[in-house]
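Heads up, the thing below is written out as structure tokens.
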2 protein chains.
Amino acid sequence: MTAPRPGARRPDGYDPHAFEPFAVTVDLAVFTVREERLQVLLVQRGQEPYQGAWALPGGFVLPRESAGQAARRELAEETGLSDTTVAHLHLEQLRTYSDPDRDPRMRVVSVAYTALVPDLPEPRGGGDAAHAQWLPHGTYGPLAFDHDAILADAHERVGAKLEYTCLATAFCPPEFTLGELRQVYETVWGVELDRPNFRRKVLTTPGFVQAVEGPPRLTGGRGKPAALYRAGEATALHPPLLRPEGRQK
Amino acid sequence: MTAPRPGARRPDGYDPHAFEPFAVTVDLAVFTVREERLQVLLVQRGQEPYQGAWALPGGFVLPRESAGQAARRELAEETGLSDTTVAHLHLEQLRTYSDPDRDPRMRVVSVAYTALVPDLPEPRGGGDAAHAQWLPHGTYGPLAFDHDAILADAHERVGAKLEYTCLATAFCPPEFTLGELRQVYETVWGVELDRPNFRRKVLTTPGFVQAVEGPPRLTGGRGKPAALYRAGEATALHPPLLRPEGRQK
DNA sequence: ACAAAAGTGTTACGCATACACCCATGC
DNA sequence: GCATGGGTGTATGCGTAACACTTTTGT
């Protein structure tokens with residue numbers, strides 16, 4: 001077991017018979033905050049295995065593209081958004097899932113990505129029934145393949161990243177209120193935050209958000225009109241904004 | 001661009017001609033703290049491309065193993081340690097590197113792993129010159145392939161994880177002093193920490209370390225003998241131990 | 001005696017928490 | 001008026017930073 005097997009170690013060169021072909025795919029865990037709930041983009045499988053079950057959108061990595069390029073291409077296809085719109089969305093590699101039996105048909109190694117999108121009109125433009133749609137997180141049965149595990153990892157990652165990055169703005173439209181931003185945290189973390197303290201934390205963090213000058217206020221329903229902000233330049237958050245009673249695992 | 005291409009989307013089934021064979025490998029970024037320096041396990045390439053350059057150890061994922069199993073197998077091979085010893089080392093998936101041109105010979109998708117090991121006797125037991133050896137971080141020329149980028153990502157990840165996990169104990173032998181543990185932080189972060197404050201932080205965090213009862217003290221050279229500790233049960237660190245002036249990127 | 005490292009104690013400050021309170025709008 | 005959400009102010013407490021001091025070894 002410990003002895004090197006000739007042909008399987010890279011530094012000694014490639015033996016074309018030392019490996020079987022692997023399929024490499026990407027899977028997407030796409031989140032949005034919509035109607036005060038965390039929603040996930042899913043597709044319904046049309047054939048075996050797992051026919052009828054919900055699954056994460058995804059597809060093959062093409063011969064001349066990186067996994068990241070494949071993920072963004074698939075994201076554009078599944079959401080029906082323009083390439084330029086998708087180019088600005090937050091897309092981040094999660095991790096790679098490589099269990100030999102994760103797909104019963106063949107050996108598939110999948111690089112999972114997490115995407116955060118604002119509350120878009122609707123997933124797709126066409127009427128294609130096989131396309132992806134939003135489902136509130138946790139309201140679907142078991143997902144196909146190992147997608148439940150992928151989605152759980154993605155949710156945990158997103159929740160953790162809200163603590164020490166400015167990532168929450170990725171869930172918001174270009175201009176947003178602090179109430180909307182706070183809604184993101186509360187929805188992803190499943191907790192309530194103190195409004196005054198949240199406001200201070202965000203406004204005193206340099207580069208988290210920047211005030212929109214022109215119209216100093218706008219309404220989202222009833223209540224006092226709120227000031228509008230844009231995402232700032234900063235990406236990190238020091239010190240972090242820890243979730244209350246934060247035990248993450 | 002936005003239209004679905006038949007055969008490339010997974011939910012519509014597998015087209016055996018929709019993809020070319022990808023080779024899937026693992027690369028290992030193995031760190032240790034040794035002689036008050038951060039050291040990296042590297043191998044010297046024996047042939048083109050990048051002949052003579054240092055590279056991360058790694059190898060192919062075999063048809064019936066996961067990437068994680070492949071990483072642990074390679075770690076055992078490169079370090080020459082027994083499988084049971086390697087089974088207890090901290091090994092963690094970093095991310096996957098999939099640029100189509102990252103290897104000039106063929107399409108190789110590599111799942112990178114980060115391993116943290118204590119100050120081991122010497123990397124290997126045999127006399128094989130082609131085996132891996134420790135080099136102080138930053139003292140080698142440019143690495144082969146995209147391994148400089150992988151190693152930089154790994155270093156950043158390890159530094160960040162020390163902030164909010166109990167991972168530092170993975171660099172230490174089974175029993176260690178608080179001075180040794182502090183040395184880990186100082187070496188990885190490249191800063192000096194206040195000894196009394198570090199001590200308090202570690203001891204007041206439940207489950208970070210646990211005191212070794214029997215012999216209450218032991219020496220590591222000159223100075224007052226220090227108490228010994230073992231790694232505790234906890235994995236997370238709340239609140240985190242932030243590095244001074246912590247700008248991580 | 002001196003240096004070096006472990007261990008204890010103390011103070012000050014920053015930040016987060018937990019409130020109380022006022023403002024502006026829709027109904 | 002009342003409910004709802006935005007915005008401001010303030011007291012309290014925890015945790016870290018900074019630093020002084022004692023203890024115990026090797027040389």
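Note that this is a predicted model, so its numbers are computed, not measured. Chain letters run A, B, ... following the sequence lines, proteins first and then strands; every chain starts at 1.
Listed nucleotides: C:dC15, D:dT25, D:dT8. Nearest to the side chain of B:P225: D:dT25. Nearest to the side-chain atoms of B:K201 among the listed nucleotides D:dT16, D:dT8, D:dC19 stands D:dT16.
In this structure, B:R199 reaches the C:dG7 phosphate: one of its side-chain N or O atoms is under 4.0 Å from OP1 or OP2.
Distance CZ (B:F176) to C1' (C:dA5): 18 Å, rounded to an integer number of Å. Spacing between atom CG of B:L228 and atom P of C:dA6 amounts to 12 Å, rounded to whole angstrom units. Look at CD on B:E36: it is 13 Å from P on C:dA4, rounded to the nearest Å. Distance B:R222 CZ to D:dG26 C1': 8 Å, rounded to the nearest Å. In this structure, the CG atom of B:L178 is 10 Å from the C1' atom of C:dG7, given to the nearest Å. Computed from coordinates, the B:L203 CG to D:dG15 C1' distance equals 15 Å when rounded to whole Å. In this structure, B:E163 places its CD atom 14 Å from C1' of D:dT16, rounding to the nearest Å. Between A:F198 atom CZ and D:dG6 atom P the separation is 11 Å, expressed in whole Å.
Relative ring orientation between A:H137 and A:Y140 is described as perpendicular, the plane-to-plane angle rising above 60° on a 0-90° scale split at 30° and 60°.
At the heavy-atom level, A:P196 lies under 4.0 Å from base atoms of the strands shown.
The salt bridge (charged side-chain N to carboxylate O under 4.0 Å, His left out) test with A:E163 is passed by exactly one of A:R243, A:K201, A:R157: A:R243. When each of A:L89, A:T32, A:V33 is tested with A:P118 by the rule side-chain contact (heavy atoms from CB on, under 4.5 Å), just one qualifies, namely A:L89.
Across residues 181-195 of chain B, B:R182, B:R195 each have a non-hydrogen atom less than 4.0 Å from an atom of DNA chain C (numbered order).
The closest side-chain donor-acceptor pair between A:Y97 and A:D153 falls under 3.5 angstrom. Checked by atom type, the side-chain pair A:D99/B:S66 shows no donor-acceptor distance below 3.5 Å.
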If you restrict it to nitrogen or oxygen atoms, what contacts under 3.5 Å exist between nucleotides 10-14 of chain D and the protein, and what is each distance?
| unit_1 | atom_1 | unit_2 | atom_2 | d |
| --- | --- | --- | --- | --- |
| D:dT10 | O4 | A:R200 | NH2 | 3.1 |

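Nearer the 5' end of DNA chain C, as judged by each residue's closest nucleotide, is the contact made by B:Y229, out of B:Y229 and A:L242.
By the ring pair (Phe, Tyr, Trp, His ring centres under 6.0 Å) test, A:F198 is found to be paired with A:Y185, residues two or more places apart in sequence or in another chain being considered. In this structure B:R182 satisfies the salt bridge (charged side-chain N to carboxylate O under 4.0 Å, His left out) test together with B:E186, sequence neighbours excluded. Legend: residues meeting side chain to side chain donor-acceptor pair (under 3.5 Å) with A:K161, ordered by chain and number and at least two apart, are A:E92. Applying the ring pair (Phe, Tyr, Trp, His ring centres under 6.0 Å) criterion to B:W54, with sequence neighbours excluded, gives no partner residue.
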